[in-house]
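Just so it is clear, the model here is predicted, and its values are computed rather than measured. Along the sequence shown, the residues carry numbers beginning at 1.
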Amino acid sequence: MNIEQTRQDTPNCKDKIFLNSAGASLIPKIVVHKVNEYLIEEEKIGGYKLEELRKSEFDEFYNETAKLIHCEAHNIAFVNNATDGYIKALSSIDFKKDDTIITTDDDYASNHIHFIALQKRHQINVVRIKTFENGELDIEDFETLVKMYHPKLVSISHIPTNSGLIQNVEAIGNICEKNNIIFLLDACQSVGQIVVDVKRLKCDFLTATGRKFLRGPRGTGFLYVSDKILKEQYAPLYIDGRGATWTEIYKFEMLDSAKRFELWESPCAFKMGFKEAIKYANNIGMEHIQAYNEKIMKQLRANLSSIPNVVLFDNGLNTSNILTFRKGNVPLKRISNILDKNKVYYSVSNKEWGLIDFNKKGIEWAIRLSPHYFNTIEEMDKVSQTIENI
């Protein structure tokens with residue numbers, strides 16, 4: 001890691017302490033340049049002609065993304081965000097009455113909303129894996145649920161939006177593979193933050209977003225689709241002319257790649273910028289990014305743990321670059337005002353984004369800090385001092 005070079009590539013990180021990469025991170029200047037360059041060219045010759053001329057660069061998007069998560073280019077589809085990819089994956093599964101989805105207490109709020117909608121439409125079951133007091137998944141309970149329900153789908157959030165937890169998805173993947181269960185992994189907070197290897201995780205679908213730890217433009221994301229899913233002819237419910245060819249009046253033929261999950265129309269300039277963001281991460285190396293992230297988070301957690309009345313809401317044996325906390329009975333407005341005054345960029349996690357988790361903790365909100373590899377140890381010390389002075 002060359003932290004000075006990274007900060008030079010992220011000029012807008014220097015006038016603030018930006019700790020909201022779990023929401024929408026700061027974009028490297030090369031990404032902004034690529035988006036602007038593409039739009040200027042599109043203004044000159046039109047979108048269709050430019051897309052045709054830049055085909056090799058768009059192909060590079062699939063190659064770079066495959067390199068990022070250790071798969072092949074044909075396994076990758078561009079989507080507008082992680083939820084877009086997640087919905088397309090869900091829609092490809094032919095749910096019937098009394099089918100079962102197994103998930104966790106800590107899955108992303110939108111995922112739980114999707115499950116409720118599926119329950120209402122198809123009368124399916126939604127079952128959650130038990131967790132230990134420390135937040136870790138009870139893998140033995142998961143195996144029992146698999147034997148009991150023979151689930152159609154297992155869906156897990158790799159890193160939930162709160163509490164820093166990194167869930168044991170490798171163990172989940174092994175059990176799903178053994179029992180031939182579709183495994184959908186929401187990796188919107190893990191891709192770009194830590195090393196993600198789909199071969200090791202053994203997921204059938206994986207969704208990721210551009211705006212968070214990958215540092216791409218908003219309105220970008222990708223969906224990984226395994227070879228098994230492709231061979232078994234899974235496809236989104238609403239497939240269009242991008243993913244299939246209309247061959248007869250009542251027939252169509254699908255693409256043999258994950259692009260069957262794409263739509264014809266997409267934000268080409270942002271897709272080009274997203275490719276550049278992924279390439280930027282690949283050039284640094286995710287193993288180096290993960291190691292540096294662990295270093296700065298170790299410092300931040302140690303600092304905040306030593307401050308009287310600060311409560312960290314961490315879960316699990318392995319924690320990520322997401323930290324949620326409160327300080328005694330200090331109201332949210334006061335904490336927010338002080339952090340804003342000191343140019344600390346953060347987010348507020350409200351109960352609606354982690355209903356089950358927040359009910360267990362008996363809280364309505366928490367401050368969320370999520371540093372990334374353009375941050376420094378000195379910034380971790382400075383923000384800790386600011387919190388101590390509240």
Side-chain angles (χ1 to χ4, degrees), residues 1 19 21-22 25 68-70 82 102-108 111 128-143 154-176 183-203 206-209 212-214 281 285-305 310-325 349 353-354 356-358 360-361 366 368-373 375 377 380:
M1 281 291 299
L19 304 177
S21 288
S25 192
L68 180 75
I69 62 169
H70 304 274
I102 295 180
T103 186
T104 75
D105 288 348
D106 296 294
D107 262 48
Y108 188 52
N111 300 353
R128 297 180 182 87
I129 306 167
K130 290 180 182 177
T131 57
F132 296 109
E133 279 193 24
N134 66 357
E136 285 290 310
L137 292 174
D138 185 337
I139 301 301
E140 287 187 9
D141 179 64
F142 174 58
E143 290 183 296
V154 171
S155 176
I156 310 287
S157 290
H158 195 178
I159 297 179
T161 194
N162 301 300
S163 303
L165 174 68
I166 302 178
Q167 304 219 74
N168 187 6
V169 295
E170 189 168 346
I172 298 293
N174 285 330
I175 295 168
C176 287
F183 179 26
L184 167 55
L185 182 63
D186 181 341
C188 72
Q189 296 288 15
S190 57
V191 173
Q193 180 191 160
I194 63 175
V195 174
V196 174
D197 184 341
V198 293
K199 289 186 175 65
R200 182 167 55 84
L201 299 179
K202 298 178 180 178
C203 52
L206 178 146
T207 58
T209 193
K212 297 178 184 288
F213 290 97
L214 277 175
M286 279 309 308
E287 68 279 7
H288 301 305
I289 291 173
Q290 177 175 334
Y292 185 81
N293 277 339
E294 290 171 351
K295 178 181 177 181
I296 57 176
M297 279 309 293
K298 182 178 180 181
Q299 182 79 9
L300 182 59
R301 281 194 165 91
N303 288 351
L304 294 187
S305 296
V310 167
V311 178
L312 305 185
F313 297 108
D314 283 341
N315 280 342
L317 300 175
N318 299 303
T319 50
S320 67
N321 275 45
I322 295 177
L323 183 151
T324 42
F325 79 95
S349 287
W353 294 108
I356 299 172
D357 181 40
F358 275 42
K360 289 178 182 178
K361 292 168 179 171
R368 186 180 72 176
L369 304 179
S370 50
H372 205 12
Y373 63 97
N375 291 119
I377 290 289
M380 300 305 99

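Atom CD of Glu133 is surrounded by 12 or fewer heavy atoms from other residues, nucleotides or ligands within 6.0 Å. For NZ of Lys199, the number of neighbouring non-hydrogen atoms (other residues, nucleotides, ligands) closer than 6.0 Å is greater than 12.
The shortest heavy-atom contact between Pro371 and Ile296 is CB-CD1, 3.9 Å.
In the model, Asn162 has no side-chain atom that pairs as donor or acceptor with a side-chain atom of Thr324 under 3.5 Å. Gln290 and Glu294 share a side-chain donor-acceptor pair at under 3.5 Å. If you check the side chains of Lys361 and Ser163, you find a donor sitting under 3.5 Å from an acceptor. Side-chain atoms of His372 and Ser21 form no donor-acceptor pair, as typed in the model, at a separation below 3.5 Å. Using a 3.5 Å distance cut-off with no hydrogens or angles, the side chains of Asn111 and Asp186 do pair a donor with an acceptor.
A distance of 9.5 Å separates OG of Ser320 from CG of Asn293, quoted to the nearest 0.5 Å.
Annotation: side chain of Asp138 is not in contact with side chain of Thr131 (no heavy-atom distance under 4.5 Å).
Using a 4.0 Å cut-off between charged side-chain N and carboxylate O, Asp105 and Lys360 make a salt bridge.
For Glu170, the salt bridge (Lys or Arg N to Asp or Glu O under 4.0 Å) criterion is met by Arg200, not counting sequence neighbours. Checked against salt bridge (Lys or Arg N to Asp or Glu O under 4.0 Å), Arg301 has the following partners two or more places apart in sequence or in another chain: Asp314.
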